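The block underneath contains the structure these notes are about, expressed in C-alpha coordinates.
Please read all numbers here as calculations on a predicted model, not as lab measurements. Start at 1 and go down the list; that is how both ligands and their atoms are numbered.
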Amino acid sequence: MLEDIFEKIKEYDNIVIARHIGVDPDALASQIALRDSIKKTFPNKKVYAVGSSSTKFNYFPKLDKMEELNNAMLIVVDTPDQKRVDINNFDQFKYYIKIDHHPFIEKYAQMEYIDDKASSASELVYRLITTTDLEMDYDIAKTIFLGIVSDTNRFLFNSSHKTFKIISDLLEIYDLDLPSLYSNIYMRPLNEVRLQGYIAENLNVTEYGLASIKITNDIISQFGVDSGSAGNLINNFNYIEEVLVWVAISEDVKNNLIKLNIRSRGPIINHIAEKYNGGGHHYASGARVTSMDEVDKFLNELNEACKVYLENLGDNDENK
Ligand code: AMP
(Lines give C-alpha, C1' and ligand atoms only; values in the text may rest on other atoms or scores of the structure.)
Protein backbone atom coordinates (compact mmCIF):
# COMPACT_ATOMS: atom_id res chain seq x y z
CA MET A 1 0.00 0.00 0.00
CA LEU A 2 2.81 2.47 0.82
CA GLU A 3 4.36 1.82 -2.60
CA ASP A 4 0.94 2.37 -4.19
CA ILE A 5 0.64 5.71 -2.42
CA PHE A 6 4.10 6.65 -3.68
CA GLU A 7 3.07 5.75 -7.25
CA LYS A 8 0.05 8.05 -6.97
CA ILE A 9 2.27 10.84 -5.61
CA LYS A 10 4.53 10.34 -8.66
CA GLU A 11 1.52 10.47 -10.96
CA TYR A 12 0.03 13.80 -9.78
CA ASP A 13 1.74 17.17 -10.30
CA ASN A 14 -0.72 18.98 -8.05
CA ILE A 15 -1.17 17.63 -4.54
CA VAL A 16 -3.07 19.09 -1.60
CA ILE A 17 -2.57 17.71 1.90
CA ALA A 18 -5.31 18.32 4.46
CA ARG A 19 -6.14 17.10 7.98
CA HIS A 20 -8.84 17.44 10.61
CA ILE A 21 -10.50 20.59 11.94
CA GLY A 22 -9.52 21.50 15.50
CA VAL A 23 -5.87 21.34 14.60
CA ASP A 24 -3.36 19.61 16.88
CA PRO A 25 0.41 19.08 16.59
CA ASP A 26 0.30 15.56 15.10
CA ALA A 27 -2.21 16.58 12.42
CA LEU A 28 -0.05 19.57 11.49
CA ALA A 29 3.23 17.67 11.70
CA SER A 30 2.05 14.80 9.52
CA GLN A 31 0.72 17.07 6.75
CA ILE A 32 3.76 19.38 6.82
CA ALA A 33 6.31 16.54 6.90
CA LEU A 34 4.58 14.86 3.97
CA ARG A 35 4.39 18.12 1.99
CA ASP A 36 8.05 18.90 2.58
CA SER A 37 9.17 15.40 1.71
CA ILE A 38 7.19 15.38 -1.56
CA LYS A 39 8.56 18.85 -2.46
CA LYS A 40 12.11 17.78 -1.68
CA THR A 41 11.77 14.62 -3.76
CA PHE A 42 9.85 16.23 -6.64
CA PRO A 43 10.78 19.95 -6.72
CA ASN A 44 8.56 20.61 -9.76
CA LYS A 45 5.33 19.45 -8.19
CA LYS A 46 2.91 21.91 -6.60
CA VAL A 47 2.21 20.66 -3.09
CA TYR A 48 0.07 22.50 -0.55
CA ALA A 49 -0.53 21.77 3.12
CA VAL A 50 -3.83 23.48 3.95
CA GLY A 51 -6.26 24.19 6.79
CA SER A 52 -6.57 26.69 9.60
CA SER A 53 -3.86 26.78 12.23
CA SER A 54 -3.21 28.54 15.51
CA THR A 55 -0.43 30.90 16.56
CA LYS A 56 0.54 28.50 19.34
CA PHE A 57 1.89 26.16 16.64
CA ASN A 58 4.17 28.77 15.08
CA TYR A 59 7.16 26.53 15.73
CA PHE A 60 6.08 24.40 12.74
CA PRO A 61 6.86 25.37 9.14
CA LYS A 62 4.02 27.46 7.68
CA LEU A 63 0.89 26.15 5.97
CA ASP A 64 -0.06 27.20 2.45
CA LYS A 65 -2.89 29.20 0.93
CA MET A 66 -4.62 26.95 -1.51
CA GLU A 67 -4.78 27.95 -5.17
CA GLU A 68 -7.33 26.80 -7.72
CA LEU A 69 -5.84 23.56 -9.00
CA ASN A 70 -6.79 21.33 -11.89
CA ASN A 71 -6.21 17.62 -11.86
CA ALA A 72 -5.15 17.60 -8.25
CA MET A 73 -4.93 14.77 -5.74
CA LEU A 74 -6.02 15.21 -2.12
CA ILE A 75 -4.18 13.38 0.66
CA VAL A 76 -5.89 13.59 4.04
CA VAL A 77 -3.90 12.69 7.13
CA ASP A 78 -5.10 11.97 10.68
CA THR A 79 -8.83 12.20 9.90
CA PRO A 80 -11.20 9.21 10.01
CA ASP A 81 -14.34 10.88 8.62
CA GLN A 82 -14.94 13.23 5.74
CA LYS A 83 -16.98 15.78 7.68
CA ARG A 84 -13.95 16.64 9.84
CA VAL A 85 -11.57 17.27 6.94
CA ASP A 86 -10.48 20.91 7.16
CA ILE A 87 -11.03 21.87 3.52
CA ASN A 88 -13.85 23.74 1.72
CA ASN A 89 -13.75 22.13 -1.68
CA PHE A 90 -13.42 18.45 -0.81
CA ASP A 91 -15.26 17.36 -3.97
CA GLN A 92 -12.99 19.02 -6.54
CA PHE A 93 -10.15 16.47 -6.56
CA LYS A 94 -9.35 13.72 -9.06
CA TYR A 95 -8.04 11.22 -6.56
CA TYR A 96 -8.20 10.79 -2.78
CA ILE A 97 -5.85 9.12 -0.29
CA LYS A 98 -6.34 8.78 3.46
CA ILE A 99 -3.46 8.14 5.90
CA ASP A 100 -4.80 7.70 9.43
CA HIS A 101 -4.28 6.13 12.81
CA HIS A 102 -7.81 6.58 14.22
CA PRO A 103 -10.25 3.68 14.52
CA PHE A 104 -12.06 3.33 11.17
CA ILE A 105 -15.26 5.39 10.78
CA GLU A 106 -15.94 5.58 7.04
CA LYS A 107 -14.25 5.15 3.69
CA TYR A 108 -13.95 8.45 1.83
CA ALA A 109 -10.83 7.92 -0.27
CA GLN A 110 -9.96 5.47 -3.06
CA MET A 111 -6.82 4.46 -1.21
CA GLU A 112 -6.84 4.28 2.59
CA TYR A 113 -3.78 3.44 4.65
CA ILE A 114 -4.99 2.99 8.23
CA ASP A 115 -3.16 1.59 11.23
CA ASP A 116 -5.01 2.33 14.44
CA LYS A 117 -2.19 0.76 16.45
CA ALA A 118 0.27 3.40 15.24
CA SER A 119 1.24 6.08 17.72
CA SER A 120 0.41 8.96 15.43
CA ALA A 121 -0.22 10.07 11.88
CA SER A 122 3.38 11.32 11.91
CA GLU A 123 4.59 7.75 12.47
CA LEU A 124 2.65 6.67 9.36
CA VAL A 125 4.16 9.48 7.30
CA TYR A 126 7.60 8.41 8.54
CA ARG A 127 6.84 4.85 7.33
CA LEU A 128 5.74 6.19 3.95
CA ILE A 129 8.89 8.27 3.55
CA THR A 130 11.31 5.60 4.69
CA THR A 131 9.85 2.66 2.79
CA THR A 132 9.59 4.50 -0.54
CA ASP A 133 11.89 6.82 -2.49
CA LEU A 134 10.52 9.90 -0.73
CA GLU A 135 13.29 11.98 0.80
CA MET A 136 13.90 13.14 4.34
CA ASP A 137 16.02 15.91 5.83
CA TYR A 138 16.75 17.50 9.20
CA ASP A 139 13.65 19.75 9.20
CA ILE A 140 11.32 16.94 8.17
CA ALA A 141 12.84 14.74 10.88
CA LYS A 142 12.20 17.50 13.43
CA THR A 143 8.58 17.88 12.35
CA ILE A 144 7.94 14.13 12.58
CA PHE A 145 9.60 13.99 16.00
CA LEU A 146 7.31 16.79 17.27
CA GLY A 147 4.21 15.03 15.92
CA ILE A 148 5.05 11.68 17.54
CA VAL A 149 6.08 13.16 20.88
CA SER A 150 2.93 15.30 21.09
CA ASP A 151 0.44 12.62 20.15
CA THR A 152 1.90 10.05 22.52
CA ASN A 153 2.19 12.66 25.28
CA ARG A 154 5.90 11.93 25.51
CA PHE A 155 5.44 8.14 25.01
CA LEU A 156 2.72 7.65 27.63
CA PHE A 157 0.24 6.35 25.02
CA ASN A 158 0.27 4.03 22.01
CA SER A 159 4.04 3.77 21.92
CA SER A 160 5.39 0.48 20.60
CA HIS A 161 8.90 -0.74 19.91
CA LYS A 162 8.31 0.67 16.42
CA THR A 163 7.72 4.14 17.84
CA PHE A 164 10.89 4.03 19.93
CA LYS A 165 12.87 2.69 16.98
CA ILE A 166 11.74 5.64 14.85
CA ILE A 167 12.67 8.09 17.57
CA SER A 168 16.01 6.37 18.04
CA ASP A 169 16.72 6.54 14.30
CA LEU A 170 15.71 10.19 14.09
CA LEU A 171 17.96 11.09 17.01
CA GLU A 172 20.87 9.07 15.65
CA ILE A 173 20.70 10.21 12.04
CA TYR A 174 19.69 13.84 12.53
CA ASP A 175 21.20 14.57 15.94
CA LEU A 176 18.03 16.40 17.04
CA ASP A 177 18.33 18.93 19.82
CA LEU A 178 15.87 17.59 22.40
CA PRO A 179 15.76 20.53 24.85
CA SER A 180 14.85 23.01 22.13
CA LEU A 181 12.25 20.67 20.62
CA TYR A 182 10.68 19.97 24.02
CA SER A 183 10.48 23.66 24.79
CA ASN A 184 8.52 24.14 21.55
CA ILE A 185 5.89 21.71 22.76
CA TYR A 186 5.86 22.18 26.51
CA MET A 187 6.62 25.85 27.22
CA ARG A 188 3.46 27.51 28.53
CA PRO A 189 2.41 30.69 30.27
CA LEU A 190 2.16 30.78 34.06
CA ASN A 191 -1.58 31.49 33.72
CA GLU A 192 -2.10 28.02 32.31
CA VAL A 193 -0.28 26.43 35.21
CA ARG A 194 -2.42 28.46 37.60
CA LEU A 195 -5.56 27.21 35.81
CA GLN A 196 -4.20 23.67 36.13
CA GLY A 197 -4.04 24.28 39.88
CA TYR A 198 -7.65 25.47 39.83
CA ILE A 199 -8.71 22.32 37.98
CA ALA A 200 -6.89 20.07 40.45
CA GLU A 201 -8.60 21.88 43.35
CA ASN A 202 -12.07 21.75 41.84
CA LEU A 203 -12.19 18.45 39.95
CA ASN A 204 -15.48 16.70 40.67
CA VAL A 205 -14.95 12.92 41.05
CA THR A 206 -17.80 10.38 41.24
CA GLU A 207 -17.69 7.14 43.21
CA TYR A 208 -17.08 5.29 39.91
CA GLY A 209 -14.05 7.36 38.97
CA LEU A 210 -15.49 9.90 36.53
CA ALA A 211 -13.70 13.23 37.02
CA SER A 212 -15.02 16.39 35.41
CA ILE A 213 -14.39 20.08 35.55
CA LYS A 214 -16.55 22.85 34.11
CA ILE A 215 -14.32 25.61 32.81
CA THR A 216 -16.83 28.41 32.27
CA ASN A 217 -16.20 31.52 30.26
CA ASP A 218 -15.76 33.44 33.55
CA ILE A 219 -12.98 31.08 34.66
CA ILE A 220 -11.33 31.29 31.23
CA SER A 221 -11.35 35.10 31.43
CA GLN A 222 -10.22 35.11 35.06
CA PHE A 223 -7.13 33.07 34.19
CA GLY A 224 -6.54 34.85 30.88
CA VAL A 225 -6.25 31.71 28.73
CA ASP A 226 -8.13 30.68 25.59
CA SER A 227 -10.74 27.94 25.70
CA GLY A 228 -8.64 25.58 23.53
CA SER A 229 -5.66 25.74 25.91
CA ALA A 230 -7.97 25.27 28.89
CA GLY A 231 -9.33 22.01 27.44
CA ASN A 232 -5.84 20.74 26.60
CA LEU A 233 -4.93 20.82 30.29
CA ILE A 234 -6.89 17.57 30.53
CA ASN A 235 -3.73 15.81 29.34
CA ASN A 236 -2.07 16.57 32.67
CA PHE A 237 -4.54 14.56 34.74
CA ASN A 238 -3.54 10.99 33.94
CA TYR A 239 -2.58 8.36 36.52
CA ILE A 240 -4.74 9.56 39.38
CA GLU A 241 -5.73 6.55 41.50
CA GLU A 242 -9.34 7.63 42.02
CA VAL A 243 -9.90 8.63 38.39
CA LEU A 244 -10.73 6.32 35.46
CA VAL A 245 -12.18 8.81 32.98
CA TRP A 246 -11.62 12.55 33.07
CA VAL A 247 -13.32 15.34 31.15
CA ALA A 248 -12.70 19.05 30.66
CA ILE A 249 -15.87 20.94 29.80
CA SER A 250 -14.88 24.31 28.35
CA GLU A 251 -17.24 27.06 27.30
CA ASP A 252 -16.37 28.60 23.94
CA VAL A 253 -18.61 31.64 23.90
CA LYS A 254 -17.23 32.97 20.62
CA ASN A 255 -18.39 29.88 18.74
CA ASN A 256 -21.42 29.28 20.95
CA LEU A 257 -20.16 25.82 21.86
CA ILE A 258 -19.17 23.72 24.82
CA LYS A 259 -16.07 21.66 24.08
CA LEU A 260 -15.46 18.34 25.77
CA ASN A 261 -11.99 16.85 26.01
CA ILE A 262 -12.20 13.30 27.32
CA ARG A 263 -9.50 10.87 28.42
CA SER A 264 -9.71 7.36 29.88
CA ARG A 265 -7.46 4.73 31.36
CA GLY A 266 -10.21 2.08 31.44
CA PRO A 267 -13.54 2.31 29.63
CA ILE A 268 -13.57 2.89 25.87
CA ILE A 269 -14.98 6.37 25.35
CA ASN A 270 -15.03 7.21 21.63
CA HIS A 271 -18.39 5.54 20.95
CA ILE A 272 -19.96 7.72 23.67
CA ALA A 273 -18.27 10.86 22.28
CA GLU A 274 -19.67 9.97 18.84
CA LYS A 275 -23.22 10.42 20.17
CA TYR A 276 -22.36 13.99 21.16
CA ASN A 277 -20.99 15.34 17.89
CA GLY A 278 -17.57 13.94 18.60
CA GLY A 279 -15.28 10.97 18.33
CA GLY A 280 -11.61 10.11 18.49
CA HIS A 281 -9.54 7.26 19.86
CA HIS A 282 -10.63 4.56 22.35
CA TYR A 283 -8.99 6.40 25.24
CA ALA A 284 -8.71 10.01 23.98
CA SER A 285 -11.75 11.68 22.46
CA GLY A 286 -13.42 15.02 22.00
CA ALA A 287 -16.99 16.23 21.50
CA ARG A 288 -18.97 19.44 20.98
CA VAL A 289 -22.35 20.25 22.52
CA THR A 290 -24.41 23.40 22.89
CA SER A 291 -26.01 23.16 26.34
CA MET A 292 -25.12 22.19 29.89
CA ASP A 293 -28.12 19.79 29.83
CA GLU A 294 -26.36 17.81 27.12
CA VAL A 295 -23.14 17.93 29.15
CA ASP A 296 -24.98 16.42 32.11
CA LYS A 297 -26.45 13.65 29.94
CA PHE A 298 -23.01 12.97 28.53
CA LEU A 299 -21.46 12.80 32.01
CA ASN A 300 -24.19 10.38 33.14
CA GLU A 301 -23.37 8.06 30.21
CA LEU A 302 -19.67 8.19 30.98
CA ASN A 303 -20.33 7.55 34.67
CA GLU A 304 -22.41 4.51 33.73
CA ALA A 305 -19.55 3.27 31.51
CA CYS A 306 -17.16 3.63 34.48
CA LYS A 307 -19.58 1.70 36.70
CA VAL A 308 -19.93 -1.15 34.18
CA TYR A 309 -16.16 -1.21 33.67
CA LEU A 310 -15.56 -1.53 37.43
CA GLU A 311 -18.23 -4.24 37.77
CA ASN A 312 -16.60 -6.25 34.98
CA LEU A 313 -13.23 -5.84 36.64
CA GLY A 314 -14.78 -7.15 39.86
CA ASP A 315 -16.30 -10.15 38.04
CA ASN A 316 -12.96 -10.99 36.47
CA ASP A 317 -11.25 -10.78 39.88
CA GLU A 318 -13.78 -13.23 41.32
CA ASN A 319 -13.13 -15.70 38.50
CA LYS A 320 -9.43 -15.83 39.21
P1 AMP B 1 -8.63 16.49 21.91
O2 AMP B 1 -9.29 16.25 23.22
O3 AMP B 1 -9.17 17.70 21.19
O4 AMP B 1 -7.13 16.47 22.04
O5 AMP B 1 -9.00 15.28 20.94
C6 AMP B 1 -8.66 13.94 21.23
C7 AMP B 1 -9.00 13.07 20.02
O8 AMP B 1 -10.38 13.17 19.72
C9 AMP B 1 -8.28 13.47 18.71
O10 AMP B 1 -7.98 12.29 18.01
C11 AMP B 1 -9.31 14.27 17.96
O12 AMP B 1 -9.14 14.19 16.57
C13 AMP B 1 -10.62 13.62 18.39
N14 AMP B 1 -11.68 14.61 18.44
C15 AMP B 1 -11.70 15.75 19.17
N16 AMP B 1 -12.84 16.44 18.99
C17 AMP B 1 -13.58 15.72 18.11
C18 AMP B 1 -14.87 15.89 17.50
N19 AMP B 1 -15.63 16.95 17.77
N20 AMP B 1 -15.28 14.95 16.64
C21 AMP B 1 -14.52 13.85 16.36
N22 AMP B 1 -13.30 13.63 16.91
C23 AMP B 1 -12.84 14.54 17.77
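Residues passing the salt bridge (charged side-chain N to carboxylate O under 4.0 Å, His left out) test with Asp64, sequence neighbours excluded: Arg35. Legend: residues meeting salt bridge (charged side-chain N to carboxylate O under 4.0 Å, His left out) with Asp115, ordered by chain and number and at least two apart, are Arg127.
Side-chain contact between Asp116 and His101: absent, with no pair of heavy atoms (C-beta onward) separated by less than 4.5 Å.
Residue Ala33 comes nearest to Ile144 through the heavy atom pair CB-CG1, 3.6 Å, listed as atom of the first residue, atom of the second, then distance. Here the closest heavy-atom approach between residue Asp133 and residue Thr41 is recorded as O-CG2, 3.4 Å.
Within the structure, ligand 1 lacks Glu274 among the residues with a heavy atom less than 4.0 angstrom away. Taking a 4.0 Å cut-off on heavy atoms, Gly22 fails to register as neighbouring ligand 1. Under the 4.0 angstrom criterion for non-hydrogen atoms, Asp24 is not in contact with ligand 1.
In the hydrophobic cluster analysis, where Ile, Leu, Val, Met, Phe, Trp and Tyr join through side-chain heavy atoms closer than 4.5 angstrom, Leu34 is grouped together with Met1.
Counting only heavy atoms of the protein, atom 7 (C) of ligand 1 lies nearest to Ala284 O, 3.4 Å. Of the protein's non-hydrogen atoms, the one nearest atom 15 (C) of ligand 1 is Gly286 CA, 3.4 Å. For atom 4 (O) of ligand 1, the closest non-hydrogen atom of the protein is Arg263 NH2, 2.9 Å. Shortest contact from atom 14 (N) of ligand 1 to any protein heavy atom: Gly279 O, 3.5 Å. In terms of protein heavy-atom proximity, atom 11 (C) of ligand 1 is closest to Arg84 NH1, 4.2 Å.
Across Leu257, Asp78, Asn261, heavy-atom proximity to atom 3 (O) of ligand 1 is greatest for Asn261.
For ligand 1, the atoms closer than 4.0 angstrom to any heavy atom of His281 are 10 (O). In summary, the atoms of ligand 1 found under 4.0 Å from a heavy atom of His102, numbered by their order in the structure, are 10 (O), 12 (O). Atoms of ligand 1 found under 4.0 Å from any heavy atom of Arg288, numbered from 1 in the order shown, are 19 (N). The atoms of ligand 1 that sit less than 4.0 Å from any heavy atom of Gly280 are 8 (O), 13 (C), 22 (N).
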- Message: Walk me through whether Lys46 and Asp13 qualify under salt bridge (Lys or Arg N to Asp or Glu O under 4.0 Å).
- Response: CA-CA 6 Å; Lys46 286 188 169 174; Asp13 290 332; over 6 Å; no

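The line from CG of Leu170 to OH of Tyr126 is 5.0 Å long, rounded to the nearest 0.5 Å.
Judged by distance alone, the side chains of Ser150 and Asp24 never bring a donor and an acceptor atom under 3.5 Å apart. No side-chain donor-acceptor contact under 3.5 Å links Asn270 and Ser285.
Of the polar atoms of Asn277, at least one N or O is found under 3.5 Å from an N or O of ligand 1, judged by distance alone. The distance criterion of under 3.5 Å between nitrogen or oxygen atoms is not met by Leu260 with respect to ligand 1.
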